[in-house]
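Below is one structure; the comments refer to it alone.
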Amino acid sequence: MGVKSDIEIAQEAKMLHIKEVAKSVGVEEDDLEFYGKYKAKLTEEYLKKAESKKKGKLILVTAINPTPAGEGKTTVSVGLGDALNRLGHKTVIALREPSLGPCFGIKGGAAGGGYAQVVPMEDLNLHFTGDFHAITSANNLLAALLDNHIQQGNELMIDTRQIIWKRAEDMNDRALRNIVVGLGAKADGVPREDHFVITVASEIMAILCLSSDLEDLKKRLANIIVAYNFKGEPVTAGDLQAVGAMAALLKDALKPNIVQTLEHTPVIVHGGPFANIAHGCNSVRATKTALSIADYTVTEAGFGADLGAEKFLDIKCRIAGLKPDAVVLVATIKALKYNGGVPKTELGKENLEALKKGIVNLEKHIENIQKYGVPVVVTLNSFITDTEEETNFVKEFCEKKDCRFALAEVWAKGGEGGEALAKEVIDTINTKPSNYAPIYSDDMSIKDKIGTVATEIYGADGVTYTPAASRQIAKIEEMGFSKLPVCMAKTQYSLSDDPTLLGRPTGYNITVREVYVSAGAGFVVALTGAIMTMPGLPKHPAAYDIDVDENGKITGLF
Ligand SMILES: Nc1ncnc2c1ncn2[C@@H]1O[C@H](COP(=O)(O)OP(=O)(O)O)[C@@H](O)[C@H]1O
Ligand SMILES: O=COP(=O)(O)O
Ligand SMILES: [Mg+2]
């Protein structure tokens, strides 16, 4: 009998009714809106009450630069949360919702793995409670109202060559990256070039994740810049009278969801921006609610620390007034070897040479987190292919760097395999104060903010701007948005903007090719290298291996 798959383990799980899980941390039945027995949303009334409560300790889980399969941030977050509960600490986990894109593409789902999973994992990885469908609908309602406004006479004098709002779909569909709409007869609309982004890169997603309540959501929606008019002035969603309808579509999606781990630890799941093309963090509402409930909140941010953690620390914490107490930096032997130049197909073989070469990636991420003044604990997410020699090498490396270290065996053992890490994290929080501060200040220019992230976090010598990007930055600053934080869109495979530069690249510049302002979300997006906001499917999409039988049992999700 081989190793059970994630979905087999999840489907064998005996879940508790979600009201029992919620009750275990003081959330009553009346505080919940049920979506079946195992999923619920928290009511607006409860969320309001939670705002005034004492806040517990906040632990961010991040990682080194990953392989395409991912290195186990969500898995470790779940296992660490379970372990803290096993040790008697009231703990809630706050995670992002999975996107259908990777689910049917390369990476698979985002419910953790092995014996450290969120359940019901099929629901979580597919339609969950409908939040992403609501976000997609709100995004595309705005697009429809925009094109209809043009068709109905274009009173706002929208310049169809300067439309920046894109349509969205939560799927990896490269054919939708660049399209033409409005073809056909006069009644079929005004022809123009258009584009799709994947829902998790939509500004609506970011707004949902950063909004404090419905009123804040509506304000942010109104500020979305969809286009410029013939005079070059911004046209907003407010100008298109789209806000009320979009907010109505998002009313329920704005409420965080509660589910459980295999060990019944409560998990608040809400929002799901990717960290390479968006800000990569679950919602402020989810994180703050978890903090109001628990002594420890374990949350995660996507991809490597150069992306998710940087955006958590420089965007989410700044906007929401959050202060992390510790950072858990997930490393894996396989990703370190990958960073040492080993091809994906050879990562299961012992290779100390490659490990020694690739460990500079871990070194850089340790140094980066320390720049934010937050204590860091490195955890090695143990894979069955790891050897004792490789594991000891990483442990000794961290000891030499005077960096806290613990082995995580949560995939294989669940919470029990996370107890060593949990004890290390608790001791770190109790002995090392967090002096968190973002890496750049609000009053720096947009280029100085981008330059700071590029040089301090990526290790670049500097930034090269295309003429278009420089013009866009000048316009953004002229419109008065220079105080906003920057959201870097960059490959997750390298600290640089070149996915082939592994390890700890030096002696390079990143290239910023396009810059636009997400005025509703409250940040400026800088696209680097060849990053795409609508991914494509691989030669063998995970979709080929997914099925459902006559009893409704899904197979192939992982
Ligand atoms: N220790 C491990 N051993 C084997 N597979 C693992 C381990 N940790 C994670 N995985 C698998 O790797 C994939 C990525 O894990 P995930 O937690 O989603 O990573 P991330 O959140 O960093 O992208 C999942 O399919 C998960 O089941
Ligand atoms: O945005 C990416 O998230 P993961 O690293 O969890 O896949
Ligand atoms: Mg994840």
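This one's a predicted model, so the numbers in the text were calculated from it and none came from an experiment. In each ligand, atom 1 is the first atom listed, and ligand 1 is the first ligand listed. Just the heavy atoms: all of them, side chains too, but no hydrogens, waters or symmetry mates, feed the values below.
Of the listed options Glu300, Glu71, Gln492, Arg96, Arg96 places a heavy atom closest to atom 4 (P) of ligand 2. The option with the heavy atom closest to atom 19 (O) of ligand 1, from among Gly304, Gly109, Pro102, Gly72, is Gly72. Comparing heavy-atom distances from atom 18 (O) of ligand 1 across Gln117, Gln492, Lys107, Glu409 singles out Lys107 as nearest.
Here Ser382 has backbone heavy atoms under 4.0 Å from ligand 1, and that is the only part of it that gets that close. Residue Asp6 touches ligand 1 through its side chain alone, judged by heavy-atom distances below 4.0 Å.
Protein heavy atom closest to atom 7 (O) of ligand 2, with residue, atom name and distance, is Lys107 NZ, 2.8 Å. Given atom 8 (N) of ligand 1, the protein heavy atom at minimum distance is Asn381 ND2, 3.0 Å. For atom 9 (C) of ligand 1, the closest non-hydrogen atom of the protein is Thr75 OG1, 3.5 Å.
Considering backbone and side-chain N/O of Lys73, one or more are found under 3.5 Å from N/O of ligand 2. At least one N or O atom of Phe303 sits closer than 3.5 Å to an N or O atom of ligand 2. Considering both main-chain and side-chain atoms, Phe558 never comes within under 3.5 Å of ligand 1 through any nitrogen or oxygen pair. On a distance-only criterion, Ala275 and ligand 2 share at least one N/O pair closer than 3.5 Å.
Under a 4.0 angstrom heavy-atom cut-off, Gly112 registers as being in contact with ligand 1. For Glu300, the heavy-atom gap to ligand 1 stays at 4.0 angstrom or more. For the ligand labelled ligand 1, residue Ala110 lies outside the 4.0 Å heavy-atom shell.
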List the atom pairs, with distances to 0.1 Å, where a side-chain N or O of residues 303-310 and a protein N or O form a donor-acceptor pair under 3.5 Å, not counting sequence neighbours.
{"unit_1": "Asp306", "atom_1": "OD1", "unit_2": "Asn65", "atom_2": "ND2", "d": "3.3"}
{"unit_1": "Asp306", "atom_1": "OD2", "unit_2": "Asn65", "atom_2": "ND2", "d": "3.3"}
{"unit_1": "Asp306", "atom_1": "OD2", "unit_2": "Lys490", "atom_2": "NZ", "d": "2.7"}

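Heavy-atom neighbours of Lys356 NZ from other residues, nucleotides or ligands within 6.0 Å: above the threshold of 12. Within a 6.0 Å sphere centred on NZ of Lys344, heavy atoms belonging to other residues, nucleotides or ligands number 12 at most. By the neighbour-count criterion of 12 heavy atoms within 6.0 Å, atom NZ of Lys413 is sparsely surrounded, having that number or fewer from other residues, nucleotides or ligands. Counting non-hydrogen atoms of neighbouring residues, nucleotides and ligands closer than 6.0 angstrom, the NZ atom of Lys357 reaches no more than 12 such neighbours.
Of all the atoms in ligand 1, the ones that sit under 4.0 Å from a non-hydrogen atom of Lys73 are 17 (O), 19 (O), 20 (P), 21 (O), 22 (O), 23 (O). Atoms of ligand 2 found under 4.0 Å from any heavy atom of Gly302 (numbered from 1 in listed order, with element): 1 (O), 2 (C), 3 (O), 5 (O). Close contacts between ligand 1 and Ala69 involve ligand atoms 13 (C), 14 (C) [criterion: under 4.0 Å to a heavy atom].
Using cut-offs of 30° and 60° for the angle between ring planes, the Phe523 and His279 rings count as tilted. Ring-plane geometry between His133 and His127 is classed as tilted, the angle between the planes lying from 30 to 60 degrees on a 0 to 90 degree scale.
Taking backbone and side-chain atoms together, Ser77 has no N/O/S atom less than 2.8 Å away from the Mg ion (ligand 3).
A side-chain donor from one of Lys41 and Asn257 sits under 3.5 Å from a side-chain acceptor of the other.
Two residues are said to be in side-chain contact when any heavy atoms from C-beta on lie closer than 4.5 Å; Asp6 and Met121 meet this criterion.
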| message | Let's go through Glu12 and Lys4 carefully: what are the C-alpha distance in whole Å and the side-chain angles of both, what is the deciding distance for salt bridge (Lys or Arg N to Asp or Glu O under 4.0 Å) to 0.1 Å, and is it a yes or a no? | response | CA-CA 10 Å; Glu12 284 171 4; Lys4 283 184 184 159; 3.0 Å; yes
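Note that CG of Leu362 and CG of Asn339 are 10.0 Å apart. Values are rounded to the nearest 0.5 Å.
Comment: Glu390 does not engage Lys395 in a salt bridge, judged by the lack of any side-chain N to carboxylate O separation of less than 4.0 angstrom.
Within the 4.0 Å cut-off (strictly below), no protein heavy atom is located near atom 11 (C) of ligand 1.
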